[in-house]
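This report refers to the structure that appears directly beneath it.
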2 protein chains.
Amino acid sequence: MTNKSNLNNLTKSEEDYLKALFQLLVEDDSEKVGNNLLADYLNVSPASTNNMVKKLKTKNYVVSEKYGKLDLTEQGKSIAVRLIRKHRLWETFLCKYLNFSWDEVHEVAEQLEHIKSSKLIDELDRFMDFPEKDPHGEIIPNADGEYAVLPKIMLSSLAEGEVCKLIAVDDGSVNFLKYVSEIGLALSSEIKVIEVREFDNSIRIQFNDTIETVTRKFADNVFVKKLV
Amino acid sequence: MTNKSNLNNLTKSEEDYLKALFQLLVEDDSEKVGNNLLADYLNVSPASTNNMVKKLKTKNYVVSEKYGKLDLTEQGKSIAVRLIRKHRLWETFLCKYLNFSWDEVHEVAEQLEHIKSSKLIDELDRFMDFPEKDPHGEIIPNADGEYAVLPKIMLSSLAEGEVCKLIAVDDGSVNFLKYVSEIGLALSSEIKVIEVREFDNSIRIQFNDTIETVTRKFADNVFVKKLV
DNA sequence: TTGATTTGTTAGTCATGGCTAACTTTTTTA
DNA sequence: TAAAAAAGTTAGCCATGACTAACAAATCAA
Ligand SMILES: [Mn+2]
Ligand SMILES: [Mn+2]
Ligand SMILES: [Mn+2]
Ligand SMILES: [Mn+2]
């Protein structure tokens, strides 16, 4: 049981690939994740991905057959979850203590998540009194590496007349997040779907006495829980 | 006045070299800093240093003549001071809020100092209410890049009978810092030099009703202000 | 089922930042 | 002042992680 995985000798790049693969596999639960999808997600060429995947396979973080789909080993998942834990804890810290808005935190957390010190992250967790969710509503994995996916559906999946609560947003785009705040939405907002327009998939929603029309693309990035 | 130096495109390595050069020039105020001294300080080969210095010269951070000594431009100094500010603010944060001891902070701060976000560091500064000194007693440069050297002398420079106050310690060695704490010394400790032994340069010191013998090497890393 | 398209792989190149070994210049010292 | 030593430089190599271009395999669609 000489668990050397604690020494964590991974480079920033290796970490980024593992986290991306995890996010595609588990969070977006794409049935099959191939080389090119991963390349796309990371904005690198398929050749770069192929190369890195080869390395991660010899290091036992990734498994796949030639020309086959990619999967993570338990070791690979564990690394990814730790990165997500760090990322979300830092985002929470930046918002709650350093006056960052939710659209500003992701970029900086992308850097901070690669800092190597388990004491740092566990103490940060303790300092904030073990927060459960990050500023975008996502669940923060705990120190034991337990990972839970928030049960959520896209706002775009609702039918006319349905009522829901905003529980999370995709944190990838600064512009999207600014947009969400600007129209007055936030975590916990109650939203009613007034109308679903078939023509362009836009939907009309009501919240806090406001009525807004949003696009399908927008609604795909807003995650909700149905009410009643 | 299109100040592009704010964009700060420097790599971690480039930053490390600039900070090291600044520390040799200004903090240790070595009269002349050459290629090999810098290489030694950074634990890299003279060839690597030569290479990097060449690059930093074309980028206008460093000046030197062929076979001559190295110096920083104003731009180079400014980068270095910002790194030192970040380093010391993070060390302070780790000590004051995250239960790190003063021997644990340096290594993590070496990583954190390279995080690129001026908002992050200025907000961290504000959050801690603009601390003036880091856990090792050194002055933290302010947001305007003003850098001040703490007026300090080495404990080893004192004569028998002299009394002083410990105001700073070298933060480079974990073992040294642990040693300092273990024998009961800390910032602000009052120390009296009881005896200076010519044979091996060891000195006998008294503080808090304790008497200890310390080596010259130890006393070189303890910085004090003479009292009375 | 076969041809087109998509997906994955390989080869070869580049930039960065390390290294060693060999060389040149400068400085020291005898 | 001339060796010797030290300091600085150069050439050539390596690993990492990007890239493009060319090719092979798998999948989709007619
Ligand atoms: Mn994020
Ligand atoms: Mn998030
Ligand atoms: Mn330090
Ligand atoms: Mn550093």
Side-chain angles (χ1 to χ4, degrees), chain A residues 7-21 24-25 28 30-72 76 79-80 83 110-111 113-114 116, chain B residues 7-21 24-25 28 30-72 76 79-80 83 110-111 113-114 116:
Chain A
L7 282 187
N8 204 338
N9 282 320
L10 299 181
T11 64
K12 178 183 181 306
S13 270
E14 291 170 325
E15 289 187 340
D16 282 335
Y17 278 91
L18 290 176
K19 196 180 79 154
L21 184 50
L24 288 170
L25 284 168
D28 301 2
S30 322
E31 256 320 289
K32 306 249 163 184
V33 177
N35 188 74
N36 290 10
L37 178 60
L38 182 56
D40 244 49
Y41 189 80
L42 283 164
N43 287 307
V44 295
S45 70
S48 299
T49 303
N50 196 271
N51 210 47
M52 180 58 90
V53 163
K54 222 178 265 173
K55 202 211 299 186
L56 294 173
K57 282 168 74 172
T58 75
K59 292 195 176 187
N60 274 108
Y61 294 114
V62 170
V63 281
S64 79
E65 281 166 25
K66 207 172 184 183
Y67 291 101
K69 298 302 166 181
L70 308 174
D71 204 357
L72 285 164
I79 302 282
L83 286 166
E110 283 293 310
Q111 298 178 61
E113 74 191 13
H114 299 289
K116 284 175 173 52
Chain B
L7 282 187
N8 202 339
N9 282 321
L10 298 182
T11 64
K12 179 185 182 303
S13 269
E14 290 171 326
E15 289 187 340
D16 281 335
Y17 277 91
L18 291 175
K19 195 180 81 155
L21 184 49
L24 288 170
L25 285 167
D28 301 2
S30 322
E31 257 320 288
K32 306 249 163 186
V33 177
N35 187 75
N36 291 9
L37 179 60
L38 182 56
D40 244 49
Y41 190 80
L42 284 164
N43 287 307
V44 295
S45 70
S48 298
T49 303
N50 196 271
N51 211 49
M52 179 59 88
V53 163
K54 221 179 266 172
K55 201 209 302 183
L56 294 173
K57 283 168 73 172
T58 74
K59 292 195 176 186
N60 275 107
Y61 294 115
V62 170
V63 279
S64 78
E65 280 167 24
K66 207 170 184 184
Y67 292 100
K69 298 302 165 180
L70 308 174
D71 204 357
L72 285 165
I79 301 281
L83 286 166
E110 283 292 308
Q111 299 178 61
E113 75 193 12
H114 299 289
K116 286 178 171 50

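In what follows, chains carry the letters A, B, and so on, assigned in the order in which the sequence lines appear, proteins first and then strands, with residues in each chain numbered from 1. Since the structure is predicted, the reported quantities are computational estimates derived from the model, not experimental observations.
A distance of 11.5 Å separates CG of B/L70 from CD of B/E65, quoted to the nearest 0.5 Å. The line from CG of A/L72 to CG of A/L56 is 9.0 Å long, rounded to the nearest 0.5 Å. The structure places CG of B/D16 at 8.5 Å from OG1 of B/T11, a figure rounded to the nearest 0.5 Å.
Contact between B/E110 and B/E113 at its shortest, heavy atoms only, is O-CG, 3.4 Å.
Side-chain atoms of B/K116 come within 3.5 Å of backbone N or O of B/L10 as a donor-acceptor pair.
Residues meeting the side-chain hydrogen bond (donor to acceptor under 3.5 Å, both in side chains) test with B/S13, sequence neighbours left out: none. The salt bridge (charged side-chain N to carboxylate O under 4.0 Å, His left out) check on B/K54 picks up nothing, with sequence neighbours excluded.
Nucleic acid contact class of A/K12 (heavy atoms, under 4.0 Å, all strands): none. Using a 4.0 Å heavy-atom cutoff across all strands shown, B/K69 reaches sugar-phosphate atoms only and no base atom.
Using a cutoff of 4.0 Å between basic side-chain nitrogens and carboxylate oxygens, A/K19 and A/E14 are not scored as salt-bridged.
The side chain of B/N35 contributes no N or O atom lying less than 4.0 Å from OP1 or OP2 of D/dA7. Within the 4.0 Å cut-off from OP1 or OP2 of D/dG8, at least one side-chain nitrogen or oxygen of B/N36 is found. Within the 4.0 Å cut-off from OP1 or OP2 of D/dA18, not a single side-chain nitrogen or oxygen of A/S45 is found. At D/dT10, one or more side-chain N or O atoms of B/K54 fall inside 4.0 Å of OP1 or OP2 (strictly under the cut-off). Proximity of A/Y17 to the phosphate of D/dA18: a side-chain N or O atom is located under 4.0 Å from OP1 or OP2.
The closest side-chain heavy-atom distance from B/L18 to B/V62 is below 4.5 Å. A/K69 is not listed as a side-chain neighbour of A/E31, based on a closest heavy-atom distance of 4.5 Å or more.
Taking atom NZ on B/K32 and atom C1' on D/dG8, their separation rounds to 15 Å, with Å as the unit. Nucleotide D/dT20 holds its P atom 15 Å from the CG atom of A/N50, rounded to whole Å. Note: CD (B/E14) to C1' (C/dG18) measures 14 Å, nearest angstrom. Rounded to whole Å, atom P of D/dC14 lies 17 Å from atom CG of B/N51.
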Protein N or O to nucleotides 24-26 of chain D N or O, pairs below 3.5 Å:
none

Shorter than 3.5 Å, N or O on both sides, protein versus nucleotides 11-16 of chain C: list them out with atom names.
none

Only pairs under 3.5 Å count here: list side-chain donor-acceptor contacts from residues 33-42 of chain B, not counting sequence neighbours, and write none if there are none.
unit_1	atom_1	unit_2	atom_2	d
B/N35	OD1	B/N50	N	3.2
B/N35	ND2	B/P46	O	3.1
B/Y41	OH	B/Q23	OE1	3.1

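A heavy atom closer than 4.0 Å to some atom of DNA chain C occurs in no member of residues 37-44 of chain A.
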